[in-house]
Amino acid sequence: MSTSASVEIAVVGAGVVGLATAFRLAAEGREVMLIDPNEPGSGASFGNAGTLAEYACMPVGTPAVLRALPKLLFDPDSPFSLRWTALFQLAPWLTRFVRQSLPAATRANAAALAGLLTEALPAWEEMASEAKAADLLRRNGCLYLYRREADLRGSASSRDVRASFGVHQQVLTPNEVAALEPRLPPVAGGGLYFPDSLNVTDPSLVMRRLLDAATARGVVLRKAKVSSLEANGGVVRLSGPGFAVIAGKAVIAAGAFSRPLAAQAGDRIPLETERGYHLEFPTETPLLTRPVCPVDLGFYMTPMAGRLRVAGTVELGGLAAPPNPRRLALLDRGVRQFFPNPGKPSSQWLGFRPSLPDSRPVIGSSAKSPDVIHAFGHGHLGLTLAAVTARWVAGFIAGGRGNPLAGDFAAARFS
């Protein structure tokens with residue numbers, strides 16, 4: 001294909017949300033071009049904890065986090081940290097985050113996420129079946145681990161919020177935790193078990209299956225960087241070094257890199273970057289049978305094919321800084337509290353999560369450019385919400401306006 005082309009729909013970003021969206025649109029008979037300068041399914045779509053967390057309606061910002069924020073930000077070993085060199089850049093985002101952590105905002109954000117998450121697992125199971133990836137999903141549930149009784153008591157308000165939205169959750173005694181995961185050391189607090197959640201055995205292979213299914217349905221993949229977007233006259237012009245395309249519709253699904261393109265479409269979105277890390281440890285036999293999150297440490301331990309992945313924590317600090325060895329060391333020390341001799345990690349990873357102050361993604365038409373559809377800002381829920389986001393995007397492109405939840409995720413909420 002030449003460096004200049006035209007297409008019905010251009011999807012910018014080939015992470016899991018972009019892949020799912022391209023697949024869904026192509027399955028509906030649309031002509032789709034998928035554009036990304038990097039390998040499809042890399043970045044946070046590859047490096048995540050592998051959980052499809054339908055229970056995760058609690059936003060990052062809550063009154064509890066707000067009360068603990070000074071301690072969290074000043075402790076370099078806390079699950080929520082800040083690169084202080086980025087403080088000036090982050091100040092507007094942090095101001096919004098504080099407001100969104102107040103009780104009324106927290107409840108509203110949780111309600112919005114709960115409504116979207118209701119559709120997440122059915123959409124994923126449908127997509128996985130169509131993309132021949134169902135064998136990579138496991139329904140073993142997910143376990144939150146509380147090592148102290150006080151931590152379990154402190155989770156009561158979050159449990160109540162989830163219960164009010166119909167989330168299936170079970171409080172476990174320490175003995176019940178031991179029965180569920182016998183290789184874990186004893187804990188004093190107990191656990192919270194989400195029996196309905198899914199996890200994937202290999203995120204990279206899931207991405208490959210989605211890509212193969214999308215291209216089999218006619219999706220054209222272009223390896224290019226989109227740096228310019230111009231929407232007018234019923235078309236969207238996208239261009240970058242050595243690349244140009246004219247599209248009838250454009251979907252911005254570029255994750256943490258989406259803000260400049262959204263701004264060119266006319267939408268000022270307060271998107272910032274959470275830097276996520278993982279370590280992997282080879283395992284001959286699985287150490288766990290499901291994802292386990294020690295809540296006080298803020299990471300997940302997820303059994304994957306031939307390895308244990310330890311992933312998580314929040315580090316605010318932009319896209320440019322190199323990996324922070326303290327965060328990797330934090331994960332390494334953390335996993336050894338549960339498995340003292342896991343050996344040396346076989347791999348380490350840094351990636352970028354797109355983070356919004358209210359923890360809600362932006363899904364829907366641009367407020368200023370109706371031919372541009374936003375599908376980014378999913379934070380910790382990109383993998384979980386990919387399939388339902390793709391459904392929504394397909395509905396918006398088809399002209400649907402009746403979704404009662406659409407306003408909760410619209411770009412216009414930041415106006």
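Computed from heavy atoms alone, side chains included, the values below leave out hydrogens, waters and symmetry copies.
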Exercise for review: For Arg290 and Asn140, indicate whether the former's side chain and the latter's backbone hold a donor-acceptor pair under 3.5 Å.
Suggested key: yes
**Study point:** Residue pair Asp267 / Ser366, side-chain donor-acceptor N/O under 3.5 Å
**Key:** yes
Practice item. Determine whether Pro203 and Met304 make a side-chain contact, defined as any pair of heavy atoms from C-beta on separated by less than 4.5 Å. Key: yes
Check your understanding: Is there side-chain contact between Leu385 and Leu116, with heavy atoms separated by less than 4.5 Å?
Key -> yes
Review point. Counting N and O atoms only, with roles assigned by atom type, does the side chain of Asn324 sit under 3.5 Å from a partner on the main chain of Arg326, one being a donor and the other an acceptor?
Key: yes
Practice item. Establish, from distance only, whether the side-chain atoms of Arg360 and Asn109 form a donor-acceptor pair under 3.5 Å. Key: yes
Review point. Quick one: does Arg307's side chain have a donor or acceptor within less than 3.5 Å of a partner on Ala305's backbone?
Key: yes
Review point. Is the number of heavy atoms from other residues, nucleotides or ligands under 6.0 Å of Arg336 CZ greater than 12?
Key: yes
Exercise for review: Sort out for me which residue in Phe376, Phe396, Trp392 forms a ring-ring contact (aromatic ring centres under 6.0 Å, His included) with Phe409.
Suggested key: Trp392
Review point. More than 12 foreign heavy atoms under 6.0 Å from CD of Gln348: is that the case here?
Key: no
Practice item. Look only at the side chain of Arg353 and the backbone of Glu274, and say whether a donor-acceptor pair between them is shorter than 3.5 Å. Key: no
Review point. Hey, does Asp358 have a side-chain heavy atom less than 4.5 Å from the side chain of Pro59?
Key: no
Which pairs would a plain distance check flag for residues 39-55, meaning a side-chain donor or acceptor within less than 3.5 Å of a matching protein atom at least two apart in sequence or in another chain?
{"residue": "Glu39", "atom": "OE2", "partner": "Arg208", "partner atom": "NH2", "Å": "3.2"}
{"residue": "Ser42", "atom": "OG", "partner": "Glu39", "partner atom": "O", "Å": "2.6"}
{"residue": "Ser45", "atom": "OG", "partner": "Val16", "partner atom": "N", "Å": "2.7"}
{"residue": "Asn48", "atom": "OD1", "partner": "Gly50", "partner atom": "N", "Å": "2.8"}
{"residue": "Asn48", "atom": "ND2", "partner": "Ala44", "partner atom": "O", "Å": "2.9"}
{"residue": "Asn48", "atom": "ND2", "partner": "Ser45", "partner atom": "O", "Å": "2.8"}
{"residue": "Tyr55", "atom": "OH", "partner": "Tyr300", "partner atom": "OH", "Å": "2.8"}

